[in-house]
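Convention: sequence-line order gives letters A, B, ...; per-chain numbering from 1.
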Amino acid sequence: MIEMFLWNNLRNIVKFNKKFIYHQTNHRISVLNQFCIFEVKYFCTCIKTELEQEIKSESISDHQSYETKNVTIIKWNKFRWEEEKKDDGTKWKFLEHRGPMFAPPYEKLPSNIKFFYDGKEMRLSEEAEEVAGFYARMLDHDYTTKDIFNKNFFGDWRKCMTEKEQSKIVDLSKCNFKQMQAYFLELSEKNRNRTKEEKLALKEKNEEIVKEYGFCKIDGHKEKIGNFRIEPPGLFRGRGEHPKMGKLKKRVKPEHVSINCSQDSEIPKPPAGHRWKDVRHDPTVTWLASWTENVQGQVKYVMLNASSKLKGEKDWQKYETARKLHRCIDKIRTTYKDEWKSKEMRIRQRAVALYFIDKLALRAGNEKDEDQADTVGCCSLRVEHIQLHEEKDDKEYVVVFDFLGKDSIRYYNEVPVEKRVFKNLQLFMENKKGSDDLFDRLNTSVMNKHLNELMEGLTAKVFRTYNASFTLQQQLDELTNADDNEAEKILSYNRANRAVAVLCNHQRAVPKTHEKSMEKLKEKIDAKREAIREAERGMKEAKRDAKNSVKEKQIYEKKKLQVKRLNDQLGKLQIQETDRDENKTIALGTSKLNYLDPRISVAWCKKFNVAIEKIYNKTQRDKFRWAIDMAGPEFVF
DNA sequence: TCGTGGACTTAGTATCTATCAG
DNA sequence: CTGATAGATACTAAGTCCACGA
């Protein structure tokens, strides 16, 4: 009933402003999106009371059952119509939650699991045993072959020992953790072999926890929390050549945790016998809890899930900024090309760096401390990271980039550039050592300050977003054929996605099973081919007989259909093969989740009649709900 | 203007789970 | 039904960017 009521109202709104409402598919009403609340607000207040009753009667959270229960959809949107934008920097008015969940306390090893030092059994104190266990678990990981890791671990481990232990255990290579390791392996094996009932019970227990800790109330909405579990203790796993790898990440106690919630909410209770570090009521930030991690001294936060309104709005804003850049990108490009000729070194460097950020989607490149892995971005490039070739492989003025970027992922690219850029780079490199900064007159704050003058809200990372989304749009236009079948269309989408991932250098380790799974796929394809040959033979025979009787003609038709079906299946397998091989070292997820304006994808789906579910899984649909409701088929970047 | 800390986004990988062939 | 596998999700490290204080 509510549905009908709403639907009638929606129709009015459709007439009012076509832009905001899109379609009614099957049983689902695709409702106004949350960001267009002001225009439609007055049409909807009339149903406010009914909706509120509906909401009170159920305790479904905003994000739940979004696609199955229309009522839930209504609920999600209802509040948003009522909300007002605050531009005083406050992010919420009301915030209530249960506080974070702590790691389970340490359980001592059974007494038959022994640790040996220098061949002799040795009982460890509880604390020393726990930390030894962290190491034992990692014994067959590459990390434990690294000197820095071992040195850091051993240093921190010794700090947890009793004096007696300290005086005895002085050499890591004399430690034998084998029994502990075997015990942990056995334990995880046991966990894996749990019976169905045990698994179910565990699942239910977990659901209880999520129900209790996993949600918060924020301005009238029940929203999912992203990470309500506090990080358990363990050994720090830095990426690349991290100088702190192996250091002990200590157990976080309530006494280390700050809580943020509204004054008039029910303040979360700390675990019995403990107290919070402090309780704040700061509406200018979005975190619910925070603590300082001991290895790098960084603040860690408990924040909302990406499906929340707060995060969704921010995401939307990000893409709006990128679209704004689209409108002035020509001017910006003309300007920086012009500045390659500037008299001032500072400006030339800025202009060349911006060219790289724009053309190659490089990251800004903040300075880093000594106690972090040595990685760089655009502004922090050093002379040793590029090579200049007047000519390379028939191309003129080639710059070869070779450096480690974020997460110590290698960036290697041979890029032909304009002569002027090339000459400038030669100039920047004059009289410098390899370890000197390429852009010595430049850093990210200079760059961003300049960018902000060119366009309000413009920073270096906007170029990455913009170029990624622009590339997607352009690749989709180029690759998609309207008369392809669905599998082919999706391959095109993935290829466009892939082009972006390549641009942004999103890599992954080749999956361990890649080789094997490719072989299997090949076998499948061969088998399918064989089946087709077989079926075709059968079909031909049937065709001969088909003239004889109606019944035999039917058989022929059946066989014909079967051949067609088999061929379709073969096509799908072949597409899968290409797709998977092309994906071997490229990770699509990151760009899909963080760089591609979802409205482009949604519009593409609608235009080519592909179900959203084919390109976005559940998590992704939750995150991009705002776009799924908003974008019409005509949305282009 | 420069360094630092805080807040928030972006990132790859480890682990879990749903699905599918056998 | 079962084990392999691929895809989904959890996890947390590592970036970006901005505000603030000296």
Answer yes or no: does a side-chain N or O of [X] lie under 4.0 Å from OP1 or OP2 of [N]?
| X | N | answer |
| --- | --- | --- |
| A:Gln296 | C:dA14 | yes |
| A:Thr375 | C:dA14 | no |
| A:Lys368 | C:dG15 | yes |
| A:Thr459 | C:dC17 | yes |
| A:Tyr301 | B:dT9 | no |
| A:Lys311 | B:dC8 | no |
| A:Thr286 | B:dA7 | no |
| A:Lys300 | C:dC11 | no |

*asked:* If you assign each of A:Glu367 and A:Lys318 to its closest nucleotide in DNA chain B, which residue comes earlier from the 5' end?
replied: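 First, find each residue's nearest nucleotide; the 5'-ward one identifies A:Glu367.
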*Identify, between A:Thr292 and A:Ser591, the residue whose nearest nucleotide on DNA chain B lies closer to the 5' end.*
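Comparing both residues, the 5'-ward one is A:Thr292.
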[X] has a side chain; which of [options] sits nearest to it?
| X | options | answer |
| --- | --- | --- |
| A:Asn227 | B:dA7, C:dT12, C:dA8 | C:dT12 |
| A:Lys461 | C:dG15, C:dA14, B:dT9 | B:dT9 |
| A:Arg464 | C:dA14, B:dA11, B:dG6 | B:dA11 |

*Using a strict 4.0 Å threshold on nitrogen-to-oxygen distance, state whether A:Arg346 and A:Glu344 make a salt bridge.*
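Looking at A:Glu344 together with A:Arg346, the answer is yes, because their closest N to O distance falls below 4.0 Å.
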_Sidechain-backbone polar pair: A:Asp402 side chain, A:His385 backbone, donor-acceptor under 3.5 Å_ =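 No.
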*Backbone N or O of A:Gly246 within a donor-acceptor pair of the A:Asp156 side chain at under 3.5 Å?*
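The answer is no, because no donor-acceptor pair under 3.5 Å joins these two groups.
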How close or far is atom [atom2] of [N] from atom [atom1] of [X], stated in whole angstroms?
| X | N | atom1 | atom2 | answer |
| --- | --- | --- | --- | --- |
| A:Asn594 | C:dT16 | CG | C1' | 13 Å |
| A:Asp282 | B:dA7 | CG | C1' | 11 Å |
| A:Trp291 | B:dA7 | CH2 | P | 13 Å |
| A:Trp287 | B:dA7 | CH2 | P | 6 Å |
| A:Gln298 | C:dT12 | CD | P | 14 Å |
| A:Met303 | C:dT12 | CE | P | 16 Å |
| A:Glu370 | B:dT4 | CD | P | 13 Å |
| A:Asn366 | C:dT16 | CG | P | 5 Å |

*Between A:Phe228 and A:His97, ring centroids under 6.0 Å*: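 So the answer is no for these two rings.
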*So, for A:Phe153 and A:Tyr143, is the gap between ring centers shorter than 6.0 Å?*
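Ring centres of A:Tyr143 and A:Phe153 not closer than 6.0 Å.
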*asked:* So A:Gly377, base contact, sugar-phosphate only, or nothing? Heavy-atom distance under 4.0 Å.
replied: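 Result for A:Gly377 = nothing.
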*Using a cut-off of 4.0 Å on non-hydrogen atoms, how would the nucleic acid contact of A:Ser290 be classed: base, sugar-phosphate, or nothing?*
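No contact at all - A:Ser290 keeps every heavy atom at 4.0 Å or more from the nucleic acid.
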*Pi-cation contact, A:Tyr213 with A:Arg98 (under 6.0 Å, within 45°)*: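 Yes, A:Arg98 sits over the ring of A:Tyr213.
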*Checking A:Lys247 against A:Phe236: charged group under 6.0 Å from the ring centre and within 45 degrees of the axis?*
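No, A:Lys247 and A:Phe236 do not form such a contact.
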_Approximate separation, where rounding is to 0.5 Å, of A:Met303 CE and A:Cys216 SG_ =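 It comes to 12.5 Å.
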_Nucleotide-resolved protein contact map, nucleotides 12-22 of chain B, B/S/- at heavy-atom distance under 4.0 Å_ = BSS--------
